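Structure, as structure tokens:
Here the structure is a predicted model, which means the values were calculated and not measured. When reading the values below, keep in mind they use all heavy atoms of this one structure, side chains included, and skip hydrogens, waters and symmetry mates. A, B, ... follow the sequence lines: proteins, then strands. Residue 1 opens every chain.
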Protein chains: 2
Amino acid sequence: MSVTLADVAARAGVSAATVSRVLNGNYPVAGATRHRVLRAVEELEYVVNGPASALAAATSDLVGVLVNDIADPFFGIMAGAVQSEIGPPAQTGGGARPVPLKLAIVCNTGGSSERELTYLTLLQRQRAAAVVLTGGAVEDSSHTAALATRLRRLEAAGSRVVLCGRPPLAAGEEGPHPLTVTFDNRGGARRLTEHLLSLGHRRLGYLAGPANRTTTRHRLEGHRVAMAAAGLADDAERLTVHGAYDRASGYDGALELLRREPGLTAILAANDTVALGVCAALRDQGLSIPGDVSVTGFDDLPFAVDAMPALTTVRLPLTEAGARAGRLALGREDAPPGGVATFRGDLMVRDSTAPPRTSGGA
Amino acid sequence: MSVTLADVAARAGVSAATVSRVLNGNYPVAGATRHRVLRAVEELEYVVNGPASALAAATSDLVGVLVNDIADPFFGIMAGAVQSEIGPPAQTGGGARPVPLKLAIVCNTGGSSERELTYLTLLQRQRAAAVVLTGGAVEDSSHTAALATRLRRLEAAGSRVVLCGRPPLAAGEEGPHPLTVTFDNRGGARRLTEHLLSLGHRRLGYLAGPANRTTTRHRLEGHRVAMAAAGLADDAERLTVHGAYDRASGYDGALELLRREPGLTAILAANDTVALGVCAALRDQGLSIPGDVSVTGFDDLPFAVDAMPALTTVRLPLTEAGARAGRLALGREDAPPGGVATFRGDLMVRDSTAPPRTSGGA
DNA sequence: CTGTTAGCGCCTTCAT
DNA sequence: ATGAAGGCGCTAACAG
């Protein structure tokens, strides 16, 4: 049906083996021969059959990237960064291709642990060269175990596994744990809370993400550490509301927080998107930001600086992390010490936070 | 090295063919036999070798999705929608899998026509079941021709090609043109301009995208049609600045427009992201929105409603379009009449537009 | 309903 | 430097 290696070989008057060698460039071939082969390839418009070569060589040029939701810039940015490291170079690619280009298979798990496992199996079936898991992990012992098993199998099957933006796997019994690129969510949340505290706030509400996620837990822990240090442990407990990582949760959560504590002067949102919802709710309540209530986000997605008002948040180096993960996935960079690279998040103080209004008025 | 079909067959005491039939479920197999096979699969932790079956069956479960930049929500949303149609169902997937799950290979072209061609070849090499090209096309006759050739080859090789968010291919000589899902960019831009005109604006500046893109051209054309109808054709010409589809271009472009026409009362941006840049520039100039200058975006990305102030823009049904493209790619939906489905964009009037300030003051 | 027999298209020793 | 030959793991006719 379509053109094969054999056709090219015939046209060039050489053996299939020679054509293969020319195409893969991993073996000496006479200049003249190579030229004839290349010409035949052109003339026949030959395109290698990926599956066939993957089967024969037992290698693949596919890299899986698991994300919660590719429509969310948080994941889009990381996925894009991974991709930029494994795909064709950004600069006008010259002739030589030092590293064979890999293609990224992006899998939307939608935060479902079930689908995460399904995709992992699907990727193993493709014999993916590597798999990058981004985003926070679901904390559920049975899922954690199932996940660890799948990852072990993937590695056993020859795929490199890299975690990006999620904590390292709990130390299992055996084998090398997957390389990990992670964020210091705890520290970021702590610094954010300390910033608010130092501004004079004492009534702070926290809008956490879904309860069983590592990211959620770490950020919440960071917040509580700072609150406890200020002697506000009880309030931290009372003024925490869980929701999803979306705008609607921010809106609803802010109202709930206000209900619990009308005297609130600051709200820390689980992330920037949630913070946007908080701002909307506050505005709808006729409250000004940061006049009446200060608001903070997390992640520093591109839109954070253009929000109303510009969001005080923690900047996570998503691009660097994704790129790093991509390089680790291809084995193009040495593993960090301990197999874990941690990126810290920088506090970005902008217009959505200010000292609480003094009760006196001015 | 790893477990194969033969191993499973041996363990279950049947032939490899039977195992294959059980796994693919496309052929009658006795209940008892099927059960033994499935058990063997479990015990051996067998996972099909994708490349091998792709080779033997001459089919693949990979679908390519070309995007300019997956970190941009505009593309992220479409890619996610495509993916949701070809991958595992969002609902808790039951046991039976009516349609075999496909995996999405996301390719970032970065707007480079060269990389677009490279990826198309790479996808042909994977024998992708389908390829979805999103985003505006580069308008360059040599590239258009090269692209048409690549697409023809892909289709000849059995891949279904679907264009999503870009105009249908110019009618070539032969063969069926790729199915297309497109947006009415012209109409959207026209309505946006008419909205501003009806508000009383007469000095409008237009910040266009990169010059050689179909999306850019169509939006610009829609704008000019409306301007011409209002007898402002010359101004439309004079007050158009081209830039990239990013925030920085919006910032710089707004300043340039102000330089050309200090009396400007409205700026139409190529898209929402550009509009954010425009707003930032205006604020930095001490101008209020919409008091001094009205601003409009395009696309209605999620952040548009939370911008400062909420952006008047045109809503593009990105999710519907992507989903439709995904279904067309799998042949799960009949082709629209003429092979082209056009989605119109709805005008979303929000707070960033208002009548121009009357010269008198109030 | 199940086993047998050929390949699918390519890579890779082993010779030459 | 090049050719010949076997096999990668699976599917798809054919028989039975």
**Item:** Under-4.0 Å side-chain N/O to phosphate OP1/OP2 contact, A/T33 with D/dT2
**Value:** yes
**Request:** Map B/N26 and B/A52 onto DNA chain D by nearest heavy atom, then report which one ends up closer to the 5' terminus.
**Result:** B/A52
**Asked** Got a second to check how far A/L147's CG is from A/L163's CG, nearest 0.5 Å?
**Response** 8.0 Å
**Message:** When you measure from the side-chain N and O atoms of B/T18 to the phosphate of C/dG3, is any distance below 4.0 Å, counting only OP1 and OP2?
**Reply:** yes
**Between D/dC8 (C1') and A/N49 (CG): distance, integer Å** = 13 Å
**Fill in**
Result for 5'-nearest mapping on DNA chain D, choosing between B/Y27 and B/G50, is B/G50
**Prompt:** Is there a donor and acceptor pair closer than 3.5 Å between the side chain of B/R127 and the base of C/dG9?
**Reply:** no
**Request:** Look at the side-chain N and O atoms of A/N24 and state whether any lies under 4.0 Å from the OP1 or OP2 oxygen of C/dC11.
**Result:** yes
**Item:** Side chain of A/A17 - closest among C/dC10, D/dG3, C/dT4
**Value:** D/dG3
**Asked** Around A/N26, counting heavy atoms of other residues, nucleotides and ligands shown, do more than 12 lie under 6.0 Å from its CG?
**Response** yes
**Message:** Taking the minimum atom-to-atom distance to the side chain of B/R21, which one of D/dA13, C/dT13, C/dC11 wins?
**Reply:** D/dA13
**Item:** Side chain of A/S15 - closest among D/dT11, C/dC10, D/dG3
**Value:** D/dG3
**Prompt:** Going from NE2 on B/H177 to CG on B/L169, what distance comes out if it is rounded to the nearest 0.5 angstrom?
**Reply:** 7.5 Å
**Prompt:** Going from CG on A/L103 to OG on A/S60, what distance comes out if it is rounded to the nearest 0.5 angstrom?
**Reply:** 9.0 Å
**Complete:** Looking only at D/dG9, C/dC10, D/dT2, the nucleotide nearest the B/A56 side chain is D/dG9
**Asked** Between atom CG in A/D61 and atom C1' in C/dC10, what is the gap in whole Å?
**Response** 13 Å
**Gap between atoms OH and P, on A/Y46 and C/dG9 respectively (whole Å)** = 10 Å
**Request:** Remember a base hit wins even if backbone is also touched, and classify A/L5 as base, sugar-phosphate or nothing at under 4.0 Å, heavy atoms.
**Result:** sugar-phosphate
**Fill in**
Between B/A329 and B/A130 the two heavy atoms that sit nearest each other are O-CB, 3.6 Å
**Length of the CZ-C1' vector between A/R36 and D/dA1, whole Å** = 12 Å
**Interatomic distance, B/L55 CG vs C/dC10 P [rounded to whole Å]** = 9 Å
**Of the listed nucleotides D/dG9, D/dA1, D/dT11, the one nearest the side chain of A/P28** = D/dA1
**Prompt:** Any idea which heavy atoms bring A/V19 and A/A9 closest together, and the distance?
**Reply:** CG2-CA, 3.6 Å
**Message:** Under 4.0 Å, counting only non-hydrogen atoms across every strand here, what does B/A57 touch: a base, just sugar-phosphate, or nothing?
**Reply:** sugar-phosphate
**Prompt:** Base, sugar-phosphate, or nothing for A/A58, non-hydrogen atoms under 4.0 angstrom?
**Reply:** nothing
**Prompt:** Just checking B/V14: base, sugar-phosphate only, or nothing, at a heavy-atom cut-off of under 4.0 Å?
**Reply:** sugar-phosphate
**Prompt:** Can you find a side chain N or O atom of A/S20 that sits less than 4.0 Å from OP1 or OP2 on C/dC10?
**Reply:** no
